[in-house]
Amino acid sequence: MAAGPAGIVWQTPANPPERQDYIFRDGRRYVRPYYFEFISHVKNRWAGKTIVDLFTDEFKGRPREYYVHAVKCGRLQVDDQMVHADYVVQSSQKISHFLHRHEPPVLGGDITILQNEADVVTVCKPASVPVHPCGQYRKNTVVAVHRLDRLVSGLLIFAKNADKAESFRQQIEASLLQKEYVAKVVGVFPDGEQTVNANVHFNAREGRSTAEVCDGDGKAPIGKQACTKFQRICTDGIHSIVLCKPVTGRTHQIRVHLKHIGYPIANDEVYLSKNFSPRSSKGTRINRATTLACSLPSSDPDSCADLGNNDTNKDTEADEEFSIDPMCTNCPNLAPVGYDADEEALWLHCVRYTGPDWSYECPYPDWAFLDNVSRKKLKS
């Protein structure tokens, strides 16, 4: 636990999640909000800015007034010391941001253990659960040898010891592994193996990739070389179930290659919808007026002393209660501001990993069975 502002127990990455940390509601698994210390070190381009200017410019999810008050209350510290709002930071200094952390919920499906061997355990990851801590996710995650995108479900492999992990790493780097996915796509996918060679360029700001090919004008594609092989398993005339074998491993490669050839995943809003709103334009910033009226205590510095002792910490149901923090820009909601409550599992599922002398499989999801014929094909 971290030593932050008085009266509050602050968690750090060293604190593992526990069963009582979770709340299940409407088919989703929420994390009970908790106090957490975020630690960063001043980058060279940050040096020379005031602590308030730095956070206002670099972490735009909260208004400037929040950061001013956080400094006054010791929620923002430099080298474990309280500072004033005009304090100028220097390169490599430690900055601690103590806040009330709300994690986005994930779908509430179980994580099923598939194989449990001496050196390896494999599991079936539900869609929407990130593999490892990233962004707003820390407790609502799993950790594995290889990675699946958050919205993708299916096979995950865990090495139980360093030697096995190193063996997997070497096989991955030597391109000795074959990955297989199934996807449910729009339309009647062509019969026979279809190979797509199209460079993939990922735009981190927008959170999506584009497929690029040389169009004969002499300009080389800016994306990374990418190749995926596809094979139709079955179709009902409206959708098709397609086996996907990525030869390379680029961000969103299967998804963008399927869109590139005209058969996007049938529920993939990022690559299916013409009205896609890029990540950079989504309204995730907190409304200033609402935040300042409802969240921040009075301007009296003495008000900071009671931030951890607020009695209005009851949710509507007794078994879902959690502490309401008067400075928190997400309270009294369980989910953080900007969370998409309508998010669903992507129809893309990892079914098999094969190495030089091993193979692990995962059951097919329910959406892959279009009819009894497809069920027989997938089971065979």
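All values derive from a computational prediction rather than experimental measurement.
Going from atom CE of M327 over to atom CD1 of I324 covers 15.0 Å, rounded to the nearest 0.5 Å. Note that CG of D236 is 7.5 Å distant from NZ of K184, once rounded to the nearest 0.5 Å. With rounding to the nearest 0.5 angstrom, the OH atom of Y263 is 13.0 Å from the NE2 atom of H260. Taking CD from E361 and SG from C124, the interatomic distance works out to 12.5 Å, rounded to the nearest 0.5 Å. Annotation: the span from Q178 atom CD to S175 atom OG amounts to 12.0 Å, rounded to 0.5 Å. The SG atom of C234 sits 4.5 Å away from the CG atom of L370 when rounded to the nearest 0.5 Å.
In this structure, V247 is not a member of the same hydrophobic cluster as V182, with clusters built from ILVMFWY side-chain heavy atoms closer than 4.5 Å. Linking Ile, Leu, Val, Met, Phe, Trp and Tyr whenever their side-chain heavy atoms come within less than 4.5 Å leaves I241 and V188 in two separate clusters. Residues V88 and V52 do not share a hydrophobic cluster, clusters being chains of Ile/Leu/Val/Met/Phe/Trp/Tyr side chains in contact below 4.5 Å.
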Working note: Y181 + L155, criterion side chain to side chain contact (heavy atoms under 4.5 Å, CB included); need CA distance, chi angles, decisive distance, verdict. CA-CA 9 Å; Y181 296 74; L155 180 65; over 6 Å; no

Under the side chain to side chain contact (heavy atoms under 4.5 Å, CB included) criterion, do Y30 and R32 qualify, and how do the steps go? CA-CA 6 Å; Y30 292 79; R32 200 179 303 275; over 6 Å; no

What verdict does the salt bridge (charged side-chain N to carboxylate O under 4.0 Å, His left out) test give for D325 and R75, after you've listed the backbone C-alpha separation in whole Å, the side-chain angles of each residue and the deciding distance to 0.1 Å? CA-CA 12 Å; D325 183 82; R75 293 283 184 101; 2.8 Å; yes

Run W358 and V120 through side chain to side chain contact (heavy atoms under 4.5 Å, CB included) and show every step you take. CA-CA 11 Å; W358 55 268; V120 174; over 6 Å; no

Applying ring pair (Phe, Tyr, Trp, His ring centres under 6.0 Å) to F24 and Y22, what does each step give before you reach the verdict? CA-CA 7 Å; F24 291 86; Y22 299 99; 7.0 Å; no

Given the rule in the side chain to side chain contact (heavy atoms under 4.5 Å, CB included) test, do V83 and V71 qualify, once you have shown the distances and angles that lead to the verdict? CA-CA 7 Å; V83 296; V71 171; 4.3 Å; yes

Test log, rule salt bridge (charged side-chain N to carboxylate O under 4.0 Å, His left out), inputs K160 and D119: CA-CA 5 Å; K160 291 185 177 180; D119 297 323; over 6 Å; no

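For Y353 and Y360, the gap between ring centers reaches or exceeds 6.0 Å. A distance of 6.0 Å or more separates the ring centres of Y34 and H102.
One N or O on the side chain of S240 and one on the backbone of F189 form a donor-acceptor pair closer than 3.5 Å. A distance-only check finds a donor-acceptor pair linking the side chain of E212 to the backbone of I222 [under 3.5 Å]. Using a distance-only test at 3.5 Å, with no hydrogens or angles considered, no donor-acceptor pair links the side chain of N44 to the main chain of S91. Side chain of R208 to main chain of V270: a donor-acceptor pair is present (N/O by atom type, distance under 3.5 Å, no hydrogens or angles). In this structure, N267 contributes its side chain and W347 its backbone to a donor-acceptor pair below 3.5 Å. Judged by distance alone, the side chain of N330 and the main-chain N or O of P336 form no donor-acceptor pair under 3.5 Å. No donor-acceptor pair under 3.5 Å is formed between the side chain of R28 and the backbone N or O of P105.
Across all non-hydrogen atoms, the minimal contact from M82 to C73 is CE-C, 4.0 Å. Closest heavy-atom contact between A211 and V256: N-CG2, 3.6 Å. Annotation for L114 and P363: closest pair CD2-CD, 3.8 Å, computed over non-hydrogen atoms. Scanning all heavy atoms of the two residues, the minimum distance from L348 to V152 falls at O-CG1, 3.3 Å. Scanning all heavy atoms of the two residues, the minimum distance from H349 to C362 falls at NE2-SG, 3.7 Å. In plain terms, the two heavy atoms of F98 and G74 that are nearest each other are CD1-O, 3.7 Å.
For the salt bridge (Lys or Arg N to Asp or Glu O under 4.0 Å) criterion with D57, the lone passing option out of R64, R62, K49, R45 is K49.
In summary, the side chains of Y87 and Q93 do present a donor paired with an acceptor at a separation below 3.5 Å, with no hydrogens or angles considered. Side-chain contact, T228 with H257: a donor N or O sits under 3.5 Å from an acceptor N or O. Residues Y271 and H252 have side chains that bring a donor and an acceptor to within less than 3.5 angstrom of each other. A donor atom on one side chain and an acceptor atom on the other are not found under 3.5 Å apart for Q225 and T248. Side-chain atoms of E37 and S96 form a donor-acceptor pair, as typed in the model, at a separation below 3.5 Å. Side-chain contact, Y67 with D53: no donor N or O sits under 3.5 Å from an acceptor N or O. Between the side chains of Q90 and W46, no donor-acceptor pair of N or O atoms lies under 3.5 Å. No side-chain donor-acceptor contact under 3.5 Å links T50 and D86.
Between P356 and L176 the shortest side-chain heavy-atom distance falls below 4.5 Å. Using a 4.5 Å heavy-atom threshold, the side chains of Q170 and I172 count as separate. No side-chain heavy atom of I265 sits under 4.5 Å from any side-chain heavy atom of L272. Side-chain contact check for V121 versus Q115: every heavy-atom pair is 4.5 Å or farther apart. Using a 4.5 Å cut-off on side-chain heavy atoms (C-beta onward), V200 and T210 make no contact. Under the 4.5 Å side-chain criterion, counting only non-hydrogen atoms from C-beta, Y364 is in contact with F369. Within the 4.5 Å cutoff, the side chain of D163 has no heavy atoms near those of the F168 side chain. Side chains of Q253 and P246 form a contact here, defined as non-hydrogen atoms less than 4.5 Å apart.
Enclosure of atom CD1 in I113 is not indicated, since only 12 or fewer non-hydrogen atoms of other residues, nucleotides or ligands lie within 6.0 angstrom.
Note on ring orientation: taking the six-membered ring where Trp is involved, the planes of F55 and H97 are perpendicular (angle over 60°, cut-offs 30° and 60°).
Of the charged side-chain nitrogens involved, none lies within less than 4.0 Å of a carboxylate oxygen, so that K94 and D79 do not count as a salt-bridged pair.
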